[in-house]
K.L.:
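Right, I'll just put the structure down here and ask away after.
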Amino acid sequence: MSDWRSDLLAWFDRDQRTMPWRKDFHSDPYAVWVSEVMLQQTTVAAVIPFYERWMARFPTAEALAAASEEEVLQHWQGLGYYSRARNLHQGVRTVVQFGWPQTVKEWKMISGVGDYTAGAIGSIAQGIVVPAVDGNVERVFSRRFMVSDTGEKLKRFATFWAGRNVDPHRPGDWNQALMELGATVCTPKNPTCGRCPVASSCEALQAGRVGEFPAPKPRKDWIELEHVTVVPFRGDRVGLVQAKRGEWWSGLWQPPRGEVGADLGIEIGEFVGRFKHVVTRHKIQLEVRRLEVEGHLDGLTWFEFADLDEVPMSAPGRRAINLALEASLRLPGLE
DNA sequence: AAACCGGGGTT
DNA sequence: AACCCAGGTTT
């Protein structure tokens, strides 16, 4: 049996990258879950240090369920998209209370677990024979069969195909092999088809049209925002507010910030600089100001400089503080 | 600096 | 199906 499926598995057995979580796999759904949620936005290299810190602090679902949201967010800091951390926290609490899901349908009832993550955890940790279709698999599929659909349609066809082809004895390895191929060989740009274990069955390659698949999605316009933030200092402390539910960076700390011209509930202070923070479709032009505060000030919580690394903080909030601190160093008269 | 990537949730 | 979430990598 040397069809492309066994060629792919053999390649995976030989060439798979080592990842710290792969040693924890095959019987620990929690380890798989953590790694999959972390990997949702970013790449393996970026996730590794976070995964190791996370598993040292929260080695089991029970340990994570018992932790406070504050500490969970703090350990997630730097990974972004913090709702993933809140969902994981909530999901783990559900599992600890009611037991581990045993099917994809049950996994999908857990907050933060959708089609892909349910398939990944079920197949890798529990041996359930289900596909796990991420962007890598969609790309491999669209090239393999020259499918030019995009979006939901591409995902549906890829899921159908993947589901018909999962290796019933090694579903987790098979899913990982497909994703690994997309991540390391069948890459979005400059794929290395010369190293592809299944090149001979790739329709796009035979046609010399690999670069045309998958078809690009129509791009949306940027949303431009102009915000101003005031960094309040008092001695060796900085005054922060916690973003409320429903606001961006909800639950994280940051200096008061708002649209230019809006009432921040604090004096506007003096200009120290500006930078741009880009996220998804949004470009935020952020004007940074600083303010020396003498007495009390309603609504602010004061953190010592030395403790700031431990505070779960929004990315632009941290950049603004750093900018304001640098400005203070350049202008010692302001201290 | 712009383009692109990506999975889950909501409406 | 479109949009929100509110970060990262590649080019």
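Computed over heavy atoms, backbone and side chain alike; hydrogens, waters and symmetry mates excluded. Every chain is numbered from 1 and lettered A, B, ... according to where its sequence line falls, protein lines coming before strand lines.
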K.L.:
Would you please classify the geometry between the His277(A) ring and the Trp249(A) ring as parallel, tilted or perpendicular, with 30° and 60° separating the classes?
P.N.:
perpendicular
K.L.:
To the nearest Å, give me how far apart CZ (Arg156(A)) and C1' (dA1(C)) are.
P.N.:
12 Å
K.L.:
Out of dA1(C), dA6(C), dG7(C), which has the shortest distance to the side chain of Glu152(A)?
P.N.:
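Looking only at heavy atoms from C-beta outward on Glu152(A), the closest nucleotide is dA1(C).
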K.L.:
For Trp76(A) and dA6(C), give me the distance from atom CH2 to atom P, rounded to whole Å.
P.N.:
13 Å
K.L.:
With a non-hydrogen cut-off below 4.0 angstrom, is Gly151(A) in contact with a base, only sugar-phosphate, or nothing?
P.N.:
nothing
K.L.:
Any N/O pairs under 3.5 Å between the protein and nucleotides 5-9 of chain B? List them or say none.
P.N.:
residue	atom	partner	partner atom	Å
dG6(B)	OP1	Arg139(A)	NH1	3.3
dG6(B)	N1	Tyr81(A)	OH	3.3
dG6(B)	N2	Gln41(A)	OE1	3.1
dG6(B)	N2	Gln41(A)	NE2	3.4
dG6(B)	N2	Tyr81(A)	OH	3.2
dG7(B)	OP1	Gly135(A)	N	2.8
dG7(B)	OP2	Gly135(A)	N	3.0
dG8(B)	OP1	Gly114(A)	N	3.4
dG8(B)	OP1	Thr117(A)	N	2.7
dG8(B)	OP1	Thr117(A)	OG1	2.4
dG8(B)	OP2	Tyr116(A)	N	3.4
dG9(B)	OP1	Gly112(A)	N	2.4
dG9(B)	OP1	Val113(A)	N	3.4

K.L.:
In whole angstrom, give the distance that lies between atom CE of Met38(A) and atom P of dG8(C).
P.N.:
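Roughly 13 Å, once rounded to whole Å.
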K.L.:
Output the rounded distance in Å from CZ (Phe50(A)) to P (dG7(C)).
P.N.:
12 Å
K.L.:
Identify the residue among Thr280(A), Thr42(A), Val37(A) that makes a side chain to side chain contact (heavy atoms under 4.5 Å, CB included) with Tyr81(A).
P.N.:
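Answer after filtering Thr280(A), Thr42(A), Val37(A): Thr280(A).
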K.L.:
May I have the list of side-chain donor-acceptor pairs in residues 301-313 of chain A shorter than 3.5 Å, sequence neighbours left out?
P.N.:
residue	atom	partner	partner atom	Å
Glu304(A)	OE2	Arg237(A)	NH2	3.3
Glu310(A)	OE1	Gln74(A)	NE2	3.4

K.L.:
Can we call the ring centroids of Trp76(A) and His89(A) under 6.0 Å apart?
P.N.:
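Not close enough - the centres of the two rings lie 6.0 Å or further apart.
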K.L.:
Given atom CD of Gln77(A) and atom P of dA6(C), what is their separation to the nearest angstrom?
P.N.:
14 Å
K.L.:
Please tell me which of Tyr82(A) and Thr43(A) maps to the more 5' nucleotide of DNA chain C, matching each residue to the nucleotide holding its nearest heavy atom.
P.N.:
Tyr82(A)
K.L.:
What integer distance in Å separates Leu225(A):CG from dC4(C):C1'?
P.N.:
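Taking atom C1' of dC4(C) as the reference, CG of Leu225(A) is at 13 Å.
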K.L.:
So what does Lys153(A) touch, heavy atoms closer than 4.0 Å: a base, only the sugar-phosphate, or nothing?
P.N.:
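The answer is nothing, as Lys153(A) stays clear of every strand by at least 4.0 Å.
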K.L.:
Reckon Trp248(A) touches a base, only the sugar-phosphate, or nothing at all at heavy-atom distances under 4.0 Å?
P.N.:
base
K.L.:
So which nucleotide from dA2(B), dA6(C), dT9(C) ends up closest to the side chain of Lys276(A)?
P.N.:
dA2(B)
K.L.:
Taking the P atom in each of dA3(B) and dA6(C), what is the distance between them to the nearest angstrom?
P.N.:
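Between the two P atoms, the distance is 24 Å.
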K.L.:
Could you check, using the six-membered ring where one of them is a Trp, whether Trp21(A) and Trp54(A) have ring centers closer than 6.0 angstrom?
P.N.:
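They do not qualify: ring centres at least 6.0 Å apart.
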K.L.:
Between dC5(B) and dC5(C), how far apart are the P atoms? Round to whole Å, please.
P.N.:
22 Å
K.L.:
Counting only side-chain heavy atoms from C-beta out, which of dC4(C), dG7(C), dT9(C) sits nearest to Arg281(A)?
P.N.:
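Nearest listed nucleotide: dC4(C).
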K.L.:
Under 4.0 Å between a side-chain nitrogen and a carboxylate oxygen: does that hold for Arg195(A) and Asp15(A)?
P.N.:
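The answer is no: the pair does not qualify as a salt bridge.
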K.L.:
Which sits closer to the 5' end of DNA chain C, Asn190(A) or Glu247(A), going by the nucleotide each is nearest to?
P.N.:
Glu247(A)
K.L.:
Indicate whether OP1 or OP2 belonging to dG7(C) is found under 4.0 Å from a side-chain N or O atom of His277(A).
P.N.:
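Checking His277(A) against dG7(C): at least one side-chain N or O falls below 4.0 Å of OP1 or OP2.
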K.L.:
Measure from CZ on Phe275(A) to C1' on dA1(B) and round the result to the nearest Å.
P.N.:
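In whole Å, dA1(B) C1' and Phe275(A) CZ are 16 Å from each other.
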K.L.:
Any chance CD of Glu267(A) has more than 12 other-residue heavy atoms, nucleotides or ligands included, within less than 6.0 Å?
P.N.:
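Not more than 12 within 6.0 Å, no.
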K.L.:
Any carboxylate oxygen within less than 4.0 angstrom of a Lys/Arg side-chain nitrogen, looking at Arg22(A) and Glu180(A)?
P.N.:
yes
K.L.:
Please state how far atom CH2 in Trp249(A) lies from atom P in dC5(C), giving the value in whole angstrom units.
P.N.:
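Taking atom P of dC5(C) as the reference, CH2 of Trp249(A) is at 10 Å.
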